[in-house]
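Reviewing the structure listed below.
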Amino acid sequence: MNEIKLFCPATIANLSCGFDVLGLCLETAGDEMIVRKSTEKGVRIIKIDGADLPLETEKNVAGVAALAMLEQIDSPFGFEIEIYKRIKAGSGIGSSAASSAGAVFGINELLDNPFTRKELVLFAMQGEKLASGNAHADNVAPALLGGFTLVRSSSPLDIVKIPSPIDLYATVVHPQIELKTSDARSVLKQTVSLKSAITQWGNVGGLVAGLYTQDYELIGRSLHDEIVEPLRSVLIPGFDLIKKSAYTNGALGSGISGSGPSIFALSKGLETANAVAKGMSKVYDEMNLPYEIHVSKVNDEGIKII
Ligand code: ADP
């Protein structure tokens, strides 16, 4: 095999109560990428379609993740990468993670899989470090492993894949405003009260238990964020109205996707997820705010070979 074409999925990190530790993988939103062997050693990004992102290997998350991986293995050949961006950078649905994860996954396949998907997470995290200054795994882990993932510890890295209930669907709306991850981080406080922490870890435990037992009501009751959402949601236009309309249309829960500005909702069944999308669209239509909206089943597989 000389070349491989991939679907690199979008992901929702945090999921309300799971700030920096939980994430899930989407099925209908994502980029495409081609990774090809080349006689010239090293990594070159030869094409980026659909976004204005750097082609220089060291400035693109795909290149940085690939180089981190190739430091650990002696490859007899080099690699060319073509990126077909369909997820906008800075949307809060893991645009950088899709590229970081895609690059390491594709190279691993062309090298006959010397690394497991879990091992690839560590390399892909180096791409995230370039994008946000912080080597976090909450988007690259679900992109590579699929389903829901929990980053139990990032040092040493310990990732747990959590089964996804069969009828769980996500709706994600991306208002077309720019919200820099650094700005979304700067509003956070460095300490939390014991009372908030207790509520938050009760909800994280409840969400994980709900996912394992397919208890949709418990999932819904647990999708709350005491700590980050109250500080961040003010940066997102119409956040309260969107969230309210998600609940009105039957969603189990709703919150900020990643560092925003995208807002997600989880629902039981496609019909409800579509109704939630309609309600969210109405809110932004009335505000005259352009947006993109996705409805997707949870993608249990992660990155796919096309
Ligand atoms: P997201 O949460 O959507 O991944 P981030 O703000 O975390 O958005 O990351 C996007 C940042 O990473 C932007 O500054 C972008 O220029 C940079 N970047 C570098 N290479 C890529 C790439 N291949 N795909 C997406 N973003 C990239």
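Numbering of ligands and ligand atoms starts at 1, following listing order. Worth saying up front: this structure is predicted, and the values here are computed from it rather than measured. Counting begins at 1 with the first residue of the sequence.
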4.0 Å protein heavy-atom contact status of atom 16 (O) of ligand 1, strictly under:
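Protein heavy atom within 4.0 Å of atom 16 (O) of ligand 1: present.
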Show the atoms of ligand 1 that are less than 4.0 angstrom away from any heavy atom in [X].
X     : result
Lys59 : 19 (C)
Ser91 : 3 (O)
Gly92 : 2 (O), 3 (O)
Gly94 : 2 (O), 3 (O), 4 (O)

Within the structure, does [X] bring an N/O atom to less than 3.5 angstrom of an N/O atom in ligand 1?
X      : answer
Ala131 : no
Pro54  : no
Ser132 : no

Taking only residues two or more places apart in sequence or in another chain, which ones pass ring-ring contact (aromatic ring centres under 6.0 Å, His included) with Phe123?
Phe115
Excluding sequence neighbours, so at least two apart, what forms ring-ring contact (aromatic ring centres under 6.0 Å, His included) with Phe79?
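Result, ring-ring contact (aromatic ring centres under 6.0 Å, His included) vs Phe79: Phe77.
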[X] side, atom [atom1]; [Y] side, atom [atom2] - distance, nearest 0.5 Å:
X      : Y      : atom1 : atom2 : result
Thr57  : Ile81  : OG1   : CD1   : 7.5 Å
Glu40  : Glu80  : CD    : CD    : 8.0 Å
Leu231 : Ser186 : CG    : OG    : 10.5 Å
Glu119 : Leu157 : CD    : CG    : 10.5 Å

Who's the nearest protein heavy-atom neighbour of [atom], and how far?
atom                    : answer
atom 8 (O) of ligand 1  : Gly90 N, 3.1 Å
atom 9 (O) of ligand 1  : Ser96 OG, 3.4 Å
atom 27 (C) of ligand 1 : Leu53 CD2, 3.7 Å
atom 13 (C) of ligand 1 : Ala89 CB, 4.3 Å
atom 23 (N) of ligand 1 : Asn60 OD1, 2.8 Å
atom 6 (O) of ligand 1  : Thr181 OG1, 3.1 Å

So which of Leu55, Val61, Ile83 gets nearest to atom 19 (C) of ligand 1, if we judge by its closest heavy atom?
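Minimum heavy-atom distance to atom 19 (C) of ligand 1 goes to Val61.
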Candidate with minimal heavy-atom separation from atom 3 (O) of ligand 1, of Ser95, Ser182, Gly260
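Minimum heavy-atom distance to atom 3 (O) of ligand 1 goes to Ser95.
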Check whether any heavy atom of [X] sits under 4.0 Å from an atom of ligand 1.
X      : answer
Glu128 : no
Lys85  : yes
Gly258 : no

Ignoring hydrogens and angles, state whether a donor on the side chain of [X] or [Y] is under 3.5 Å from an acceptor on the partner side chain.
X     : Y      : result
Thr11 : Asn139 : yes
Lys85 : Ser95  : yes
Ser96 : Glu128 : yes

Note: [X]-[Y] ion pair, threshold 4.0 Å (strictly below):
X      : Y      : value
Lys5   : Glu32  : yes
Arg221 : Glu217 : no
Glu292 : Lys88  : yes

